[in-house]
Each structure stands twice: as C-alpha cells, then as structure tokens.
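Remember, it's 1-based here, ligands and their atoms both numbered in the order they're listed. The first residue in the sequence is number 1, and the count goes up from there. Note that the structure is a prediction, hence the values are computed from the model and not measured.
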Amino acid sequence: MIKKTIAAVSLSILSFTLNAQQKEKTYTGPKLNKTEMNKTVSSLLDKMTIEEKIGQLNLLNPGGGVATGAVVSDNVQQKIKDGNVGGLFGVSGPEKIRIAQEYAVNDTRLGIPLLIGSDVIHGYKTTFPIPLGTAASWNMELIKQSAQVAATEATADGINWNFSPMVDVSRDPRWGRVAEGAGEDAYLGSQIARAMIEGYQGDDLTKTNTMIATVKHFALYGAPEAGRDYNSVDMSRVKMFNQYLPPYKAAIDAGVASVMTSFNDVDGVPATGNKWLLTDLLRERWKFDGFVVSDYTSVNEMIAHGMGDLQDVSALALKAGLDMDMVGEGFVTTLKKSLEEGRVTEEEITTAAKRILEAKYKLGLFEDPYKYLDKKRVKKDILTKKHRALAREVAANSFVLLKKDQQVLPIDKKAKVALIGPLANDKNNMPGTWSPTGDFDNAIPVLEGLKNVAPKAKITYAKGANITNDKQMAENVNVFGPKIVISEKSPEELLAEALKVAQEADVIVAVVGEASEMSGEAASRTNLLIPESQKKLIRELAKTGKPMVLVLMSGRPLNISEEAQLPVDILQVWHPGVEAGNAIGDVIFGDYNPSGKLTASWPRNVGQVPVYYSMKTTGRPGTQDGFEKFKSKYIDVDNSPLFPFGYGLSYTDFEYTNMQLSSKEMNMNGSITVTTTIKNTGDYDGEEVVQLYIHDKVRSITPPQKQLIGFQKIEIKKGKSKTVTFTISAEDLKFYNSSLDFIAEPGEFEVFIGTSSSDNNQMKTFILKE
Ligand code: BGC
C-alpha cells in the first residue's frame with residue numbers, strides 16, 4: 001500500500017533546473033585505506049549534529065520507479081536540502097541524479113553526497129534471464145560476467161548501489177520469489193552469491209563501473225510458511241545454519257558492502273529488529289563491517305508484526321543493528337525523541353551514521369560526488385551489442401532440456417514450423433519478474449528470434465490460447481502493466497486457428513507457461529499447474545500426432561506431471577531476458593546444445609512441497625519401488641520429485657564410468673581425489689555439469705541424504721571422453737552441529753559423482769579418521 005501511495009506522489013513531480021550552483025567542497029581522497037577512511041569519517045562525524053547523523057540513516061524513493069522515468073519529488077528535494085536524506089533509489093539517469101546530488105552537496109551544511117540505489121536484479125537495460133534461470137547455467141563465469149554488465153550499465157546511468165544479489169534459499173515453488181534466487185541448495189547458492197558480488201563490486205569500488213552490492217534478504221526470507229510471501233518463518237538453528245544461512249555468509253566472506261534485512265520474523269522477532277541476527281550473528285560471529293539497510297518499510301511493518309508503535313520499532317531496529325531505514329522514515333521522525341528519552345544512545349546513532357559514511361567513502365563519493373554522472377556513458381555503455389550477445393549466451397546456457405524421448409529437437413532450419421502459444425509472440429513477459437530497469441520494447445519475441453536464426457524455415461504463428469482465461473488472475477498479475485492479455489476472440493476460435501496452423505506444419509513448437517508476474521514479489525501460487533486454458537491447447541495439439549516441442553516459460557518449478565506424459569519434448573526456458581527469442585532460436589535449431597540443470601526440484605504435485613534432494617532419510621526411509629506400509633511414503637505418489645535438483649538433458653548423451661577414489665581413508669588435515677571418466681556417446685558436441693555429492697553415514701545430527709560439495713561444467717566433443725577430478729578435504733565435510741560449531745566428524749562417507757542429484761550409479765566410500 002505504502003508503495004502505491006508513494007508512486008502516486010511522484011506524479012506531482014516538479015521539474016528541476018540543472019544549473020544549481022556548485023560550491024567547492026574539499027574531501028579527503030578515496031583510497032581504500034582503512035586508516036584514511038577512519039580519519040575522514042571520524043572528522044566528519046565530529047562535525048555532525050545529531051539531526052545530520054540521523055539524516056544519513058534515511059533512504060527515500062521519490063516514486064514512480066525507474067521505468068516511468070521519475071525525478072525527485074518536491075518533498076524529497078526539501079528533505080535532501082534539510083540534510084535529512086542519506087540515499088535515494090528509484091531515480092535513474094545522470095541528469096536527474098545530478099540534480100539530487102547537487103542538493104546534497106551544495107545545499108546542506110556538510111555537503112555529504114547521496115548513495116543512489118536500485119534493484120538491478122538480472123541486468124539493467126540488458127536483461128538477463130531471471131536469476132533462477134541464470135543459476136541453471138551452473139556457469140559461474142557467465143554469472144559473474146552478467147553481474148559485471150549489470151554494474152557497467154547501472155553505473156553508466158548514475159547508480160552506485162545495487163539491491164542484489166538475493167540469495168534466499170527456497171524449497172517452496174509456491175513462493176513467487178523463488179524466481180529471484182538460485183534455488184534450493186546452500187552450496188550452489190553460495191558459489192553464485194560470490195560470483196555475483198565479484199561481478200558487481202569488482203576489485204575496486206572506486207572505479208566508475210563497479211557498485212556496492214547488497215545481499216538480501218537477511219534472513220530466511222525464502223522459507224515463509226505455506227509459500228506465502230512475507231509470511232512468518234520458523235526453523236531450528238541447526239537447519240538455518242546448515243541449509244539456509246551459508247549463501248549470506250558466503251556473500252559476507254566475498255566482501256559484500258551492504259546487507260538488506262528481510263520482512264519475515266526469525267525466532268519470533270522480525271529480522272529488521274532482530275539483534276541476534278543483525279549483531280550477534282552478522283557483526284560478531286561473521287565480522288561484517290558494511291552497513292545494513294531495511295527492506296521497503298520493514299521498520300514500520302514491525303508495528304503490524306506486533307512490536308509496538310513507530311517510535312518503539314525504530315528504536316528496536318537501531319538497537320538491533322539496523323543502519324538505514326528504507327522509505328518508512330521511522331528513524332528520521334523518532335530517533336531524536338528516543339535519544340532524549342534515553343531509549344537509544346548517541347553512540348548507536350553515530351555507529352549507524354559512520355557505516356553509511358564509510359560506504360560513501362568506499363565508493364569515492366567524497367572525492368567526486370558526480371563520478372557516476374557522465375552522460376556520454378549512457379550511449380556508450382548501455383544495451384551494447386556486446387552486452388546483448390552475452391545476454392543471449394547466458395539465456396541459452398540457462399535452458400534446461402527436461403524431456404527428449406520424442407527426439408524432435410533440434411529442428412531442421414528449413415522445416416515448416418507451427419509456432420503456437422500465448423508466449424510465442426510476446427515482448428512483455430520476456431524480461432521476467434523484477435526487471436524494473438529493463439525495457440520490454442527491447443525484448444526479442446520468440447517468433448522474431450526463430451526467424452532470425454532460421455531465415456529459411458517456414459514459420460507460421462497462432463496464439464492458440466490466452467495465458468489464462470481467468471479475469472481475476474489476469475487483474476492480479478497485471479498490476480504493473482499488461483502481462484496477460486485476454487484475447488477478444490473466444491477460446492474456441494483461438495484453438496481452431498492453432499490447429500489449422502499445426503496441420504500445415506512439420507513440427508509444432510508450443511510456447512506456453514506463466515506470465516512473468518505470476519512469479520516474483522507478492523506472487524505466490526497454491527497451484528503449480530500450467531493454467532487450464534493452455535493445458536487444453538497442449539492436449540489438443542498433442543492429439544494431432546505431429547512432432548511437438550513444449551517451450552516452457554516460468555518463474556518457478558511447475559507441476560507438469562500431465563504434460564510429461566504426452567508425446568512431446570520439453571525445453572524449460574524460464575523468462576529468458578532481452579534476447580529471449582534469439583536464444584530460444586539458437587537452441588531449438590541446434591546452434592547451441594542445451595546444458596542447463598535444474599537448481600530446484602520440480603514436484604509431482606503441490607502436495608509434495610517442499611521436496612528437495614537433500615531431505616533427511618528419516619528412521620523409516622521410503623523404499624524406491626512400490627509401496628510398503630509404515631515407511632515414510634505417500635500412498636498416492638512416489639517420494640521423488642518429477643525432475644530432481646541437478647537434472648537436465650542434452651541433445652547428446654554422456655556416459656559416466658570408472659569412478660575412482662585416491663584412497664579409502666582420509667585424515668582430518670588430508671585430502672583425497674575423486675575421478676571419473678565421462679564419454680560423449682551421442683551425435684552432438686555438448687556440455688555437462690558433473691556433480692559431486694556426499695552422504696555422511698554417521699554423525700551427531702541427522703545428515704541429509706545427499707549434499708552437493710562440488711561441480712564442474714565441462715565441454716566434450718562427440719565421441720570423445722574426459723576425465724574429471726575433484727579434491728575432497730575435511731573442509732568439504734563440515735557441518736554445524738547442535739552447538740553450532742562448524743566441524744567434520746570422523747566416520748564413513750559415501751561419495752557420488754554423476755549427472756544429477758538422483759544419479760546413484762557411481763558411488764564409493766571412504767573413512768574420515770580422527
Ligand atoms: C523488496 C526488495 C527490494 C525493495 C526495494 C522490496 O519490496 O523486497 O527486494 O530491494 O523492495 O525496491
């Protein structure tokens with residue numbers, strides 16, 4: 001609600017003059033030298049009044065969002081001039097940002113520049129696939145490069161602080177924001193967190209093409225009860241330490257400069273006011289030395305959580321360790337009063353202000369507040385050919401071939417193709433959820449992409465069905481624009497057109513699935529099916545008996561148990577970003593052989609949720625085949641997911657043989673190597689993600705069935721073999737025990753190496769000795 005009000009306020013934006021007078025300010029240089037930083041920041045703090053310090057803790061969104069081109073509203077303008085603002089977000093473009101920055105630099109007593117934030121979640125103008133898709137590439141180098149491109153483009157547009165990466169582990173596809181993360185696994189999520197932070201922040205934050213990254217949402221935001229966004233989270237410490245916290249910690253270890261709190265409670269205390277989380281764990285145990293920002297009005301939301309009035313919750317948040325208050329203005333309106341009443345200390349306010357000033361120092365803003373405001377860069381650095389080429393490559397790498405038993409793919413470039421489906425000629429849904437900085441008009445629809453890649457193919461198109469016929473669903477999804485357009489034609493007419501087009505073709509390519517805003521923030525679903533309008537289309541098309549491929553778009557794992565039974569091949573393409581159509585063309589016509597692997601299990605039905613590869617065995621493990629009473633099994637479906645974590649096919653086939661361990665024993669300070677040979681036995685060159693899992697057979701807390709501890713993505717030419725080697729040390733075998741100590745316990749371990757988390761063909765054991 002608050003968001004909407006603010007957006008409305010932005011409509012009354014005043015225009016600004018660009019020629020605000022520039023006062024001379026002297027700043028100490030931005031060398032990333034802690035002593036220098038301390039000197040600069042301390043001397044500044046010494047000069048600051050309590051109001052000025054509190055002002056630094058205030059983050060505002062002038063409204064309208066980047067996409068609608070908002071500038072700074074009158075109110076925000078005055079607040080900046082009054083020294084009551086430490087940063088802004090939702091403003092873009094060097095000209096507008098310069099105006100805001102000039103108010104801060106020229107019109108306030110101390111001239112402290114602003115942080116300029118933005119949600120650059122999967123690319124800026126060059127949108128990459130949604131993060132769940134990018135993760136499925138398992139290609140850390142490409143992920144890092146996509147973050148570098150995002151940083152280059154965002155900084156060219158004046159942004160110096162990014163609200164990404166979101167590293168919330170999620171095992172609940174009902175939760176819409178599963179689209180924004182890396183999936184179900186803490187180890188893989190940690191690698192991706194690191195790659196993204198390295199991409200955004202680079203090795204030098206003072207450069208003009210790097211920006212501060214924010215790891216979010218701290219913590220456990222991906223585990224809301226019932227998959228409903230913003231809902232309560234309750235989990236044991238042992239579970240959070242082992243399965244949910246590692247990616248946040250990996251981000252801290254990678255040097256992320258800011259942390260965003262989450263909306264949910266943790267152990268009954270909202271994250272934004274949770275001292276255990278923000279101070280004991282984050283600062284004391286993990287040694288985080290950057291700044292912590294709240295999520296959007298999450299300070300104020302502690303009122304609804306039941307933690308008191310605005311003054312109470314603001315004091316609670318500050319004392320817990322929150323440094324910056326996003327949008328809600330609880331800090332700026334109540335902290336001084338709380339100080340006077342002895343409810344917070346001056347030291348607490350100073351500490352928070354110090355962290356914000358340090359961030360500004362790290363960026364080099366004190367030396368040059370306008371360093372990101374070079375208008376020439378907008379043309380030179382944004383949506384370049386090179387960036388688009390990378391987006392196309394990343395998208396192709398993110399696609400997961402779920403089913404190929406019909407051998408329809410790849411399609412001949414001269415074939416007669418019936419391209420059918422509500423997402424087959426669509427721009428609006430291609431960038432995917434949470435791409436507010438992107439521009440749908442730049443996206444390549446599938447129809448256009450297929451024509452680009454195979455100009456000699458005869459491609460005919462029909463919409464075939466609406467994404468959904470449910471008007472209420474369409475309204476709920478279309479809050480930020482038309483993602484679901486219900487045709488004026490009747491469903492029967494749409495279907496008839498599709499069947500006609502299908503009859504005349506050699507092969508059917510049906511592009512179906514979710515609209516982009518059926519996932520994302522506040523887009524939880526209790527039903528994971530493809531909407532019924534499209535299920536019907538798929539059934540009817542399959543009945544034609546023509547060779548058929550489903551190109552499936554979604555922001556989450558879906559339940560496609562029905563479609564998986566049909567005589568079709570299935571390629572999962574998520575929401576692929578600005579180069580959607582071209583990347584799909586590359587894969588459909590065989591220029592790129594799919595290599596993606598799922599990073600979240602796909603359930604057989606929603607009742608299995610959560611279903612994930614690293615579940616515990618239980619004391620009564622479910623048998624693989626058939627039903628047995630008094631085992632941990634369902635009476636109606638198998639325990640296994642439809643498609644497991646790590647699963648994904650290729651146009652070629654890979655054969656794993658000859659797994660070897662260098663030893664049957666290992667000391668605590670030793671290591672062993674695991675090798676296997678992989679042969680490409682099919683007809684295409686291809687890439688494979690080789691996965692290494694362990695199962696700790698005996699330990700002091702119940703172990704997961706399997707746990708990923710390594711992976712390598714390799715390329716193998718057809719007919720050739722490669723040997724892959726992993727080294728395992730005790731560090732890889734560690735876990736948090738019930739005292740939350742991170743240890744490896746001696747005993748027997750099983751090691752698996754294979755093509756997915758459910759591949760048990762190659763297993764060896766070794767003993768870890770005292
Ligand atoms: C989201 C955050 C985002 C923030 C600012 C919130 O609603 O949860 O992920 O960074 O808005 O746009």
Can you list, pair by pair, the side-chain donor-acceptor contacts under 3.5 Å of residues 81-88, counting residues two or more places apart and other chains?
unit_1, atom_1, unit_2, atom_2, d
D82, OD1, Q78, NE2, 3.1

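- Counting only non-hydrogen atoms, the option in N162, D295, I121, L59 that gets closest to atom 6 (C) of ligand 1 is D295.
- With a heavy-atom cut-off of 4.0 Å, W434 touches ligand 1 through its side chain alone.
- In the vicinity of K216, heavy-atom distances shorter than 4.0 Å reach the ligand 1 atoms 2 (C), 3 (C), 9 (O), 10 (O).
- If you number the atoms of ligand 1 from 1 as listed, the ones under 4.0 Å from a heavy atom of Y296 come out as 5 (C), 6 (C), 7 (O), 11 (O).
- Two rings, from F89 and W161, have their centers 6.0 Å or more apart.
- Checked against a 3.5 angstrom limit, the closest N/O atoms of Y221 and ligand 1 fall outside it.
- E153 and D381 get closest at one heavy-atom pair: CG-O, 3.4 Å.
- Not less than 6.0 angstrom separates the ring centroid of F241 from the ring centroid of W286.
- At least one heavy atom of M260 sits less than 4.0 Å from an atom of ligand 1.
- Of all the heavy atoms of H217, the ones lying under 4.0 Å from any atom of ligand 1 belong exclusively to the side chain.
- Using a 4.5 Å heavy-atom threshold, the side chains of Y248 and V167 count as touching.
- Annotation for ligand 1: atoms under 4.0 Å from non-hydrogen atoms of F89 are 5 (C), 12 (O).
- With a 4.0 Å cut-off on non-hydrogen atoms, R177 touches ligand 1 through its side chain and not its backbone.
- Screening residues 206-223 for salt bridge (charged side-chain N to carboxylate O under 4.0 Å, His left out), with sequence neighbours left out, gives D119-K216, D203-K207.
- To the nearest 0.5 Å, the span separating CD on Q191 from CG on D185 amounts to 9.5 Å.
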